[in-house]
Amino acid sequence: MLTVQGVSTSYGHIQALHGVDIDIRKGEIVTLIGANGAGKTTLLMTICGKPRVTGGRIVFGERDISQLPTFEIVRLGIAQAPEGRRVFPRMSVLENLQMGAIVADPAHFDADCHRVFKLFPILDQRKSQRAGTLSGGEQQMLSIGRALMSRPRLLLLDEPSLGLAPMIVKQIFSVIRDINEREGMTVFLVEQNAFHALRLAHRGYVLANGRVVLQGTGQELLANREVRAAYLEGGH
Amino acid sequence: MDARALLKDAGLAAFVAFALAFPMVGFQTIDVSGSHGITVVTRFGDVAIAVALVFIGRLALSLLQNRAMRLPILVLSAALAVGLPLLTTSYPVITWLSVIATAVIAVRAAWLVFDIADVVGRDEGNHLRDATAFIGRWFGPVLVVFAVLFPFLPMTSRYILDLGILVLTYVMLGWGLNVVVGLAGLLDLGYVAFYAVGAYSYAIIAQTFGWSFWVCLPLAGLFAAFFGVILGFPVLRLRGDYLAIVTLGFGEIIRIILLNWSSFSGGPNGISGVPRPSFLGFPFTANPPEGTRAFHQLFGLDFAPEHRIVFLYYLILALALVTNIFTLRIRKLPIGRAWEALREDEVACRALGINPTNTKLTAFAIGAMFAGFAGAFFATRQGFISPESFSFLESAVILAIVVLDGMGSQIGVVLAAVLLIGIPEFFRELAQFRMLAFGAAMVGIMIWRPRGLLAHRDPSIHLPKAVGGGA
């Protein structure tokens, strides 16, 4: 569904990605793990068109999207819950969802809202509250819900567990599994929380210094000694 | 608080008042005819009165902490606020100051006596929402009815009506700028440029082609919107301070072009003899040209110059209401929501598939269009326009109206326009203290309502109960 072929990206003179290859197939959860500064978020943003690729190409469906502006990429069916959640703080929960649906057919709006409230019942209780007054976990749920409102074919999640309590992380990850299993949503999950991400994902990639250094199924990577040493030792 | 602490507190306030009032109020320089230069007149009596006022006022405010004292203070201060203007007439400044001071104390006392804060204010957010919802539901329609009846009220003189027209012009400009600043969050310091474009387009088109007001009005709006897009393009990437500077420059560019391009705009002499509006083709003149009928003949009235003023009043009222309804509606449309989202977080907007370029340009264009309409109205009302009317100060006043209202609420703009345009007129009696009183009022607003008069935005959407209520 989404193929990243030998993609390189630079910020000015500093090259952040060096020929990254990633393949996401329909109906999969694919995770990308790596340390701070490995280039995880950069890859996700490159898929969305900012920064632009300096080498290689990104194909979504049949189409090369590497030269499209962000808003057109989104309209093709890629939705993103960006890093740091980025909900609209002064707008209500419902208005945030409405913003997510801005590229979707308005006829689906009520049904889609209902679907999001079913996934995240807490949002239903909070729906007329301003998004800025929500807790971190609720904002993350809203960010994912907002992304779902556009009826995407591919959902990109950037560190949904960042700064959240373990309980909430569990809940969010179970919702990700839910929408994947029940609705067949394809998910590309960028995470630092390698343990949870690899348990959830069908396949995973490990990124280090802008290169893919390992790939395999979630189980394989969980069992891999290097992965354990680098990302899983201590805790969990 | 015990009596000594109270007195000490009030004494301190009085001392500050004295330190301020002694140099500023205590000495006045006047130009006595016959003598050379100016003479200094001392006014220590006024200083004493001012200090005494502050002392008593501070004491009263402190005593409000004590429940038993609240009602007497309320009665006393309310009585003084009403009674003082009747008692003294010789000292307008002091009288006004005392009235305002006592009125403030009375309002504060009433607030506490009737436990307004306790009843609805259990949490500030709820209280504000209730109050704003109430104001939105009832105050708006009442205000519209009042505005419609305004020209026929007994107190409405020609002067008051003119003032009403002026206030409504600024209300309209405020609502227009609110689209750009309040909704889309693009700080525009050159809004007056579009006002000028509208005024000059109207004046030049109407004079050159002799078309009627109703043909030229949309054209003026169109031209202004076009200029909005022209300004929009270079500033698309700018935000905050940088955007403000460029828009400020744009406003000045337009004014300076108008000032210097004499063959086109008449330069500093401006354009005079701008055609007056007519009532569906019936002019407001005492002696209409051959073959046409004037407004008063149409309705069988005696000719009166007030007819045109009343007509202008209703014209600007209609234009302002159109602006209002338009902005209220567009907030519920995808483009309006996109504006608000853009104000909140541009990156998130892109990630949701919003085209920020088009969104910003439409905000600039629509905001500018309303300024263009207002400009056309201004030109036809004045009959004369010159670059002087479109200085930066105008932009600043319009922006102040929008900021004062708390950015986003529609009623707030009305209140702010009445305050900013009305108060300086209202304080005219204070002569040289007029701007001082105006400044004091602004400082007061910023202290008591730092986020604007009505700093609250209502969500533009509610789900019907059936859909969301179940889960």
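Proteins come first, then strands; the chains are lettered A, B, ... in the order of their sequence lines, and each starts at number 1.
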Compare every heavy atom of [Y] with every heavy atom of [X], then report the nearest pair and how far apart it is.
{"X": "Asp345(B)", "Y": "Phe88(A)", "value": "O-CE2, 3.6 Å"}
{"X": "Ala348(B)", "Y": "Arg146(A)", "value": "CB-NH2, 4.0 Å"}
{"X": "Leu352(B)", "Y": "Val103(A)", "value": "O-CG1, 3.6 Å"}

With rounding to the nearest 0.5 Å, note down the distance linking [atom1] in [X] to [atom2] in [Y].
{"X": "Arg337(B)", "Y": "Met91(A)", "atom1": "CZ", "atom2": "CE", "value": "7.5 Å"}
{"X": "Glu72(A)", "Y": "Arg350(B)", "atom1": "CD", "atom2": "CZ", "value": "12.5 Å"}
{"X": "Leu342(B)", "Y": "Met99(A)", "atom1": "CG", "atom2": "CE", "value": "8.5 Å"}

- Query: Would one find more than 12 heavy atoms of other residues, nucleotides or ligands at under 6.0 Å from atom CZ of Phe227(B)?
  - Reply: no
- Query: Would the number of heavy atoms belonging to other residues, nucleotides or ligands and lying under 6.0 Å from CZ of Arg63(A) be above 12?
  - Reply: no
Within-4.5 Å side-chain heavy-atom neighbours: [X] and [Y]:
{"X": "Pro356(B)", "Y": "Phe71(A)", "result": "yes"}
{"X": "Ile102(A)", "Y": "Ile354(B)", "result": "yes"}
{"X": "Glu344(B)", "Y": "Arg86(A)", "result": "no"}

- Most contact-rich option vs chain B, by heavy-atom pairs under 4.5 angstrom, among Ser150(A), Pro89(A), Gly132(A), Gly49(A), is Pro89(A)
- Message: So which residue, Val74(A), Leu156(A), Ile73(A), ends up with the most heavy-atom pairs under 4.5 Å with chain B?
- Response: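 With the most close heavy-atom pairs to chain B, the winner is Val74(A).
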- Task: Against chain A, work out which of Ala351(B), Ala338(B), Ala341(B) has the most heavy-atom pairs shorter than 4.5 Å and name it.
- Result: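 Looking at each of Ala351(B), Ala338(B), Ala341(B) in turn, Ala341(B) comes out on top.
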